[in-house]
Amino acid sequence: MKIIIQKANAFLETMTSWTEGHLSKRQLTLILAFAVGLLAALAAYILHSLIHIIQHFLTENFANSRFNWYFLVFPVLGILITMLFVRYVVRDNISHGITRILYAISTKQGHLKAHNTWTSVVASAITIGFGGSVGAEAPIVLTGSAIGSNLARRFNLDSKTIFLLIGCGASAAIAGIFKAPIAGLVFTIEVLMIDLTMASLLPILIASVTATCFTYVLVGDSSLFSFTLSEAWPVDRVPADISLGVTCGLVSLYFIRSMTFFEGIYGRLSAHPYMKWLLGGLVLSTLIFLFPALYGEGYNAINILLNGESSEDWNTLLSHSLFSSRPELLVLYVAMVVATKAIATASTNGGGGCGGTFAPSLFIGAFAGFLFASIWNTFISDIEIPEKNFALLGMAGVMSGVMHAPLTGVFLIAELSGGYGLFIPLIIVSTVSYLTIYVFEPHSIYGMRLAREGKLLTHHTDHAVLTLMSLDTVIERDCSAIPPNMMLSQLIHKISRSRVDVIPVVDETNRLLGEIDMTKLRHILFRTELYHRFNVSQLMTDPPALLGVNDPMEDVMKAFDSTNAQQLPVIDTDHKLIGYVSRSHVYSLYRKMVADLSND
């Protein structure tokens, strides 16, 4: 194995040297986009194959009519195996895949670790294959983006091109999983906040189409979901569509808030991993015992909702459950599945499993749409609406709300289901859902964690540049400080050799006490009779503002604007001086980064 890795590295080094002399940056980017699309599709195929193999091995002898007690065992075992794999093999945090991509783009110039190209595939295959209530999409998106990041860095490309190839990997992952190239492109723009320019359009399209075509080669014409539109959409369903959009927005809000709450509970047990596993496994197995539809990704349950024509078809959802002999409780069962899916997903990941929230949002959307249609037909209106159509619309609505990505919701559901006959209601439901949740939560489930830390990259150019900038890179640490008891005569000698206008004053522990601003001492600089009368402590002034070492650049810029200072000190948490930041240096770097982002 070591020999193979060495030969692979040697081959890549040879390729890198050859491309530098024979290919332009544009040509190399297009070739790498094709390679990323190919590899991302292959990774998606491997992951889903592993999941199906594990699931088939574990559940092939399950009876259809009664509950199987292995439902209580398999998910817990899968979480344990995944936790041990991550803890002792990976030795790194690989959860929240899309959030990790956003973090890498915002704070690490797009650097994703090499192990991210395969570890998420293994971990999520184990988790989902054993029944963990999460999705495979986020791990594949992380895998595809990591492939793009590492290829770009291998060929010594700049950070802007690294961002672009990360976007290619993400779009290829979505396109390959769902055979939806347009949805992959839109996902990259909406969720990863990678701006679409003429220079970036072609590589992302190449990656998306390559992944889609290669997936067709690997798996044929089969699709994750099958849907047949039985009737055209009539305009008199607009009120129902708007109402469903509002419902999906509120369901999305419930999903995000529930996930955040329960992940916080598990997070407080991070020092006790086996306690987390025990709690997460106990909660998950209990929920699956009551609602077996929560087992695994839940795509089989979604297909039942999308293809059912009558209560007899939909009642198959009750198989394996305690409700299996009570078809009259179907609506109650569906409502309780909607209410508990977020808890099951949070318990899977919180207990040590690995998976995403992409599939759970589709799952909840389908069940919420079906539940809405059932209640509408029974209690609200005489105009009957088809449950399966509204299950499809609910998928788009909840996904749009959870991810804050209405266009992704529209195109993904339309492409993967062939439901273009429902294009108008898809737009209505997705848009209304997004507008509804935006009132309560301005960021997606992927971006909210980073937004709270001021590290989320957005489409707003000024904010994006400030997010990408790091205070640590603009601190001038070579500043000669002086003690407070230094006499004015000594200070004059110090000033004569200084090239700056501000000199910090510190005590013996390097704590900042104040500063000497030479522009404020001109009236005494040449009065020699005062040289032995005053010392630094009598002449120093407080800085116009203090910057903390962890302050975001947006706060730094606001401090310069509000004080009109040319230099500001940076201190650590103990008030010790780290260095100074120059206004001219910050603004020069800012203008350069704006130009780089705007350059096609």
Side-chain angles (χ1 to χ4, degrees), residues 47-48 50-63 66-90 93-97 119-136 138-139 258-259 261-301 319-324 336-337 339-357 359-360 363-364:
L47 175 55
H48 280 105
L50 289 174
I51 292 172
H52 292 153
I53 290 171
I54 296 172
Q55 287 180 339
H56 178 74
F57 176 76
L58 296 177
T59 64
E60 63 175 331
N61 295 320
F62 277 19
R66 59 184 177 83
F67 181 82
N68 196 304
W69 292 95
Y70 286 120
F71 274 132
L72 297 176
V73 178
F74 290 155
V76 181
L77 182 60
I79 293 175
L80 177 61
I81 296 173
T82 304
M83 183 189 72
L84 295 175
F85 170 74
V86 172
R87 186 175 177 83
Y88 296 106
V89 178
V90 181
N93 184 6
I94 59 174
S95 62
H96 299 302
T119 50
S120 292
V121 171
V122 176
S124 58
I126 298 171
T127 300
I128 300 169
F130 275 79
S133 195
V134 288
S258 298
M259 285 287 296
F261 175 77
F262 287 103
E263 285 181 349
I265 293 176
Y266 290 107
R268 288 193 285 271
L269 296 174
S270 56
H272 308 282
Y274 291 99
M275 182 66 72
K276 281 204 317 178
W277 163 70
L278 190 60
L279 177 61
L282 180 63
V283 172
L284 179 61
S285 61
T286 301
L287 292 176
I288 292 177
F289 175 81
L290 297 172
F291 313 107
L294 298 175
Y295 188 88
E297 292 175 292
Y299 286 164
N300 290 335
S319 298
H320 299 302
S321 76
L322 301 176
F323 298 74
S324 58
M336 297 185 75
V337 167
T340 55
K341 179 63 175 179
I343 304 173
T345 300
S347 298
T348 302
N349 283 334
C354 178
T357 56
F363 179 91
I364 289 181

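Looking only at side-chain heavy atoms (C-beta outward), E263 and M259 come within less than 4.5 Å of each other. In this structure the side chain of V76 never reaches within 4.5 angstrom of the side chain of L284, judged on heavy atoms. Contact of the L278 side chain with the L282 side chain is not registered, since no non-hydrogen atoms from C-beta on lie closer than 4.5 Å. Side-chain contact between P75 and I288 is present, with heavy atoms from C-beta onward closer than 4.5 Å. Using a 4.5 Å cut-off on side-chain heavy atoms (C-beta onward), S124 and L47 make contact. Between F262 and T345 there is no side-chain heavy-atom pair separated by less than 4.5 Å. Looking at V337 and F363, their side chains come closer than 4.5 Å, going by heavy atoms from C-beta outward.
Y274 and W277 have perpendicular rings, their planes meeting at more than 60° on a 0 to 90° scale where under 30° would count as parallel.
For the 3.5 Å distance criterion, the side chains of K276 and S270 fail to qualify, holding no donor opposite an acceptor.
Taking CD1 of I128 as the start and OH of Y299 as the end, the distance is 8.5 Å to the nearest 0.5 Å. Note that OG1 of T82 and CG of L77 are 9.0 Å apart. Values are rounded to the nearest 0.5 Å. Between the CD1 atom in I265 and the CG atom in L279 there is a gap of 8.0 Å [rounded to 0.5 Å]. If you take CD on E297 and CD1 on I51, they are separated by 4.5 Å, rounding to the nearest 0.5 Å. Distance check: I343 CD1 to T348 OG1 gives 11.5 Å after rounding to the nearest 0.5 Å.
Shortest non-hydrogen contact noted between G296 and K341 is O-NZ, 3.8 Å. Nearest heavy-atom pair across F130 and Y295 is O-OH, 3.5 Å. Closest heavy-atom contact between H48 and A136: NE2-CB, 4.3 Å. Smallest separation of non-hydrogen atoms from A344 and L287: N-CD1, 3.7 Å. The shortest heavy-atom contact between G356 and A138 is CA-CB, 3.6 Å. Shown here for V283 and S347, the closest heavy-atom pair between the two residues is CG1-OG, 3.3 Å.
S133 places a side-chain N or O within donor-acceptor distance of the main-chain N or O of L294, the cut-off being under 3.5 Å.
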